[in-house]
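Worksheet: the structure to be examined is printed underneath.
Just so it is clear: chains get the letters A, B, ... in the order the sequence lines come, proteins before strands, and each one is counted from 1. Predicted model only: the values in this text are computed from it and were never measured. What's counted below: heavy atoms across the whole structure, side chains too, no hydrogens, waters or symmetry copies.
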Amino acid sequence: MPGLEDLYKEIILDHYKNPRNRGELESPPAHKTEGFNPLCGDEVTVTFELRDDSLAELRIAGQGCSISQASASMMSAAVQGKSISEVRDLSREFKSMMSIHEESIDPKELDSASTATFQLGDLEALKGVVKFPVRIKCATLSWNTLLTGLDELEA
Amino acid sequence: MPGLEDLYKEIILDHYKNPRNRGELESPPAHKTEGFNPLCGDEVTVTFELRDDSLAELRIAGQGCSISQASASMMSAAVQGKSISEVRDLSREFKSMMSIHEESIDPKELDSASTATFQLGDLEALKGVVKFPVRIKCATLSWNTLLTGLDELEA
Amino acid sequence: MNLPSDLKEQFPLLSQVINDHQIVYLDSAASSQKPDSVIEAMNDYYRTINANVHRGAYEIAAQATEAMETSRGQIATFIGANSASEIVFTKNATESFNLVARSWGGQNLSEGDTVLITDMEHHANIVPWQILGAERGFEIRWIPLTSDGLLDLTQLDQLLDGVKMVSVTAMSNVLGTLNPVREIADRAHEAGALVTVDASQYVPHLPTDVNDLGADLMCFTGHKMCGPTGIGVLWGREEILDSMPPFLGGGEMILDVRKDGFTPNELPHKFEAGTPPIAEIIGLGAAVSFLESLGMTAIRQHEIRLTEYALNALDDRYGDELTIHGPKDASQRGGVLSIQYRDVHPHDLSQVLDQRGICIRAGHHCAKPLMRELGVGATARASLYLYNDESDIDALVDSLEPAGEMFAL
Amino acid sequence: MNLPSDLKEQFPLLSQVINDHQIVYLDSAASSQKPDSVIEAMNDYYRTINANVHRGAYEIAAQATEAMETSRGQIATFIGANSASEIVFTKNATESFNLVARSWGGQNLSEGDTVLITDMEHHANIVPWQILGAERGFEIRWIPLTSDGLLDLTQLDQLLDGVKMVSVTAMSNVLGTLNPVREIADRAHEAGALVTVDASQYVPHLPTDVNDLGADLMCFTGHKMCGPTGIGVLWGREEILDSMPPFLGGGEMILDVRKDGFTPNELPHKFEAGTPPIAEIIGLGAAVSFLESLGMTAIRQHEIRLTEYALNALDDRYGDELTIHGPKDASQRGGVLSIQYRDVHPHDLSQVLDQRGICIRAGHHCAKPLMRELGVGATARASLYLYNDESDIDALVDSLEPAGEMFAL
Ligand SMILES: Cc1ncc(COP(=O)(O)O)c(C=O)c1O
Ligand SMILES: Cc1ncc(COP(=O)(O)O)c(C=O)c1O
């Protein structure tokens, strides 16, 4: 049985207590997407603006546990300013790290994740969440919400 | 565990193999009622004619196991020619004999049954059926059907 | 009368060791643990008389049928039903509510009609009405709450106007609130409405009598009352159940099937389609025997004492740093404690507690409309049952502080 | 490959002594016996990880959830489903059919539409359509039988005209007939209809692959396949299940509940309202493991051999005095033998056999329309499973004669 220190790394608690890019952009012009975790009631609101195919500005609002809040904060720091395709690659890499059943992942995704040149950086700290399967959805909530937002804009 | 000899008395097999009052009266003028046992598919058709408040004529048709057929045959012999109130008393007496859970019987019924002056006669042979609870409905099917028929006429 | 102090020994799971700690199980509102006698009753069934019921002429089939029907009778007695045929077996309380909504509601509710529920209902007593309501266009009205987490009945007469069915929980699974079901039922009946009671959190914990409650229909679930999973109950007054059309169709629930239609069976079989959860019914009968052997009054007294102990211990230790949703008085509530400690998120709290072998539940507890009323996304809920004791509460109390140190913002 | 010859030892009930005879269980078409491994899997759950699933952050709740979802995956693999989310847990096959009729049928069937079933269906695949049909006014059409108890497909194209759903049993629980499901499915699909398969008597006895069968939806039940009572399965192709509205409403099946409505959850949870039959799901997983350890092909071979042995032994001994409904060839049928011996009534026959510890079933087997086609009120049905052997057949054969002497008219 993994210990709490695997889950609650110092950097995670730091992002939880001092969340980056907190708030909501005015929408429109920003795009706004809400996500929620039906199991536990966590809610997240992602607002962002695209400029030249890049995530120029992004803000996070909502409520949730330390993992969901820290993950959202880390994500915001990691994706701000990146191009959409970089964001998608990064999200694949992150979600593959968050996957307990690697075999159930789309092989195409794994492939591109393993050849991705990105560094997860701070996000690596969330690796320990995989050992606590019920918390995985907390960590992926903000990413899935952002991806939904990007899909909505591209659709 | 009771043995087969408790169930299949000689007189029962005799009624089964040589059923009395078998057939159907023309209806109308006769009254006709069908009954069935949902558990096992037994079916019985009772036709009878009343004259002066008496069961002047009665016939039994249908299909079923030895117990349901013998019980129907015995009933036909026992009730033919009797007055309606005699038939009702007899049926109460019979059904009280067929009851495993005496406490669940309507006390009024028990009362009138125990003070009834009728003799069950041949019908007593069916007493052993009580030891085989799943067969009780076989034995009471024809009686219940006859009672339904009487109720229909009186309603 | 007190409960025996060695009760935990009868519950095999309670001797588990989790993360080097003897388990402290404080999640009985989600599902209770099972005593040996319940597990053994089902084993006995499978090992000695397993056979399909109601249709077999052979010995073990007859015994299985008798065991199942004996359970039905026990459960009828346990809740003060007038006869065993008022007890309909379902798979859980949720199915019982769907049966009521689809069968009774399908027959009686259409546009212009109203169903009255409350802001503290479990999804099981909300969504079935919403599904039918979307088809039929009737209104669902909600009894609001006071700030103490009680039902606010000041406007009840207006709320009852035009209502055909009042469906209300006897005890909240989030707040612990015990509702004045009898009062509501009397006023509902005066207004011409029927009353369905959600007794999922009530039957396991308090002496229950359907006539005292004034209920017309009542739903509860086996797994919260020391019984197995896979078994629920719908009780209804005979004339009401008799008037309702069948819900699920199939074997057992028919008298006859022809190509052009079917004739429904008598109660309770009319509502029990297909092979019933035989082992589970027998297990629930054993659970009822177990509860009766302790005495429901003694169980209730034990839970009041323990709830009081918990409320006091938490208040003594944490004062204003800690809030408990719902009524303050232990005699007005069940042993369900939704705790807000500083600003520690329920998920993080339960994670820290788990590390010490303490099982509490964090989430919306299938009561999202209530969460919105409380203005929270989730609560951390500790809930008690007959097997809990002071040591369980002490473990809970001692574990909050470290969580606060870790997570307070 | 043969089955181990000491298989009976794994089934505790089969060592029972009934009326001074070791039990001879020949009623597996009604319900199968359970091996120790299935009973123990449920005991383990209750004793070590019993907790409500899907919502708990603590250790045993996570383990319970994982055990339940592992079972779902095993069952998906066992029947060749494309993913675990195509497996919906119900309480029995009957509920599965009601789900299909109410949810798919409610969305797709109205006046002018037709559902095609067969003359050999179980009530579970008749009455749900009749209930909805009475509300909606669509037609139910029946595929007739040949005198051998096969489906008469000569008029299938005409019968398929205007049909939206074909719902057919893969194996009759009365005649033993194995139906050409793939052929029917192909022709149904050509005609633009979907296909639901009743695999209640098929999955327990033959290797099953939903894609090979050509099914769109498939229903089966746990208690006939060495699993516990209280658990059934609906399998469906993902896009079909996705298109269907929820059936029962309550907890688990929602993403969100607001006062003005709810948002359904994803598959398979959308169809699983309330606390699931957790122990039963785990028990069914153990049953699938048990069946896989023997091998479904070996089970099928064993049953063919034993059915042949039975058909020959009965014919040798009784010749024209005995008729068996359904196909004569053991490879065309399952081990379900509806016997007519002289004019002994099925009830009397089963009673005499019970006296010798032999369990067979007498009745209409929840197939009253079929009984009418056969022109009988009931049949005496002996049915085999993996644990039966020649000695069971010998006991059956030897016991008919005394019954004949007693009852022949
Ligand atoms: C062919 C067939 N379909 C459906 C069923 C219904 O199964 P259950 O009673 O478990 O719902 C049965 C068994 O009773 C059956 O034999
Ligand atoms: C108040 C209340 N009602 C209904 C239910 C539903 O019970 P089940 O999930 O067993 O159907 C629950 C428990 O989850 C509950 O707490």
Any donor-acceptor N or O pair under 3.5 Å, side chains D/Ser200, D/His122: no
Are C/Gln355 and C/Gln351 linked by a side-chain donor-acceptor pair shorter than 3.5 Å? no
Top contributor to chain C contacts, counting heavy-atom pairs under 4.5 Å, from D/Ala279, D/Gly261, D/Ala124: D/Gly261
Check each atom of C/Ser15 against the heavy atoms of chain D and say whether the ones under 4.5 Å are side chain, backbone, both or neither. neither
Would a 4.5 Å heavy-atom cut-off, applied to side chains only, mark D/Asn98 and D/Val127 as touching? no
Residue pair D/His223 / D/Ser32, side-chain donor-acceptor N/O under 3.5 Å: no
Heavy-atom cut-off 4.5 Å, strictly under: side chain, backbone, both or neither for D/Ile49 against chain C? backbone
Can you say whether C/Met253 sits under 4.5 Å from chain D via the side chain, the backbone, both, or neither, judging by heavy atoms? side chain
Check each atom of D/Asn50 against the heavy atoms of chain C and say whether the ones under 4.5 Å are side chain, backbone, both or neither. both
Let's test your reading of the structure: which of C/Glu135, C/Lys34, C/Gln130, C/Gln16 forms the most heavy-atom pairs below 4.5 Å with chain D? C/Gln130
Report which part of C/Glu373 has an atom under 4.5 Å of a heavy atom belonging to chain D: side chain, backbone, both, or neither. side chain
Part of C/Asn125 lying under 4.5 Å from any heavy atom of chain D: neither
Please look at C/Gln33 and chain D and tell me whether the side chain, the backbone, both or neither of the residue comes under 4.5 angstrom of a heavy atom of that chain. both
Given heavy-atom pairs under 4.5 angstrom as the criterion, report whether the side chain, backbone, both or neither of C/Tyr46 touches chain D. both
Out of C/Ile254, C/Leu132, C/Ile60, return the one with the most heavy atom pairs under 4.5 angstrom to chain D. C/Ile60
Among D/Pro369, D/Pro128, D/Cys359, single out the residue with the greatest number of heavy-atom pairs under 4.5 Å to chain C. D/Cys359
Output yes when a side-chain donor or acceptor of C/Asp27 lies under 3.5 Å from a complementary backbone atom of C/Ser383, and no otherwise. no
Does any heavy atom of chain D fall under 4.5 Å from the side chain of C/Arg372, the backbone, both, or neither of them? side chain
Do the ring centers of C/His364 and C/His123 come within less than 6.0 Å of each other? yes
Looking only at D/Ile140, D/Ile126, D/Asp256, D/Leu353, most heavy-atom pairs under 4.5 Å shared with chain C are made by D/Asp256
Chain C heavy atoms under 4.5 Å from D/Pro276: which part of the residue, side chain, backbone, both or neither? backbone
Most contact-rich option vs chain D, by heavy-atom pairs under 4.5 angstrom, among C/Ala367, C/Pro246, C/Pro228, is C/Pro228
Which atoms of C/Ile278 approach chain D - backbone, side chain, both or neither, heavy atom under 4.5 Å: both
Region of C/Leu248 in contact with chain D, defined by heavy-atom distances below 4.5 Å: both
Using heavy-atom distances under 4.5 Å, tell me whether D/Met371 contacts chain C through its side chain, its backbone, both, or neither. neither
Side chain, backbone, both or neither: which part of D/Ser28 has an atom under 4.5 Å from a heavy atom of chain C? neither
Examine the side chains of C/Thr275 and C/Asn52 and answer whether a donor and an acceptor come within less than 3.5 Å of each other. yes
Keeping the roles fixed (side chain from C/Asp348, backbone from C/Ala403), state whether a donor-acceptor pair exists under 3.5 Å. no
Do D/Thr229 and C/Glu280 get their side chains close enough for a donor-acceptor pair, meaning under 3.5 Å? yes
Is there a donor-acceptor pair under 3.5 Å between the side chain of D/Thr94 and the backbone N or O of C/Ala273? no
D/Thr48 versus chain C, the contacting section by heavy-atom distance below 4.5 Å: both
Salt-bridge test for C/Asp119 and D/Lys259: reply yes if a basic N is under 4.0 Å from a carboxylate O, no otherwise. yes
Any donor-acceptor pair under 3.5 Å from D/Glu95 side chain to D/Lys91 backbone: yes
Regarding C/Arg381 and C/Ser350, is there a side-chain donor-to-acceptor distance under 3.5 Å anywhere? no
I'd like to verify something: which residue of C/Val257, C/Asn92, C/Asp36 has the highest number of heavy-atom pairs under 4.5 Å with chain D? C/Val257
Structural part of C/Pro245 lying under 4.5 Å from a heavy atom of chain D: neither
Sidechain N-carboxylate O distance under 4.0 Å for C/Arg47, D/Glu40: yes
Given a strict heavy-atom distance threshold of 4.5 Å, which part of D/Phe11 is in contact with chain C: side chain, backbone, both, or neither? neither
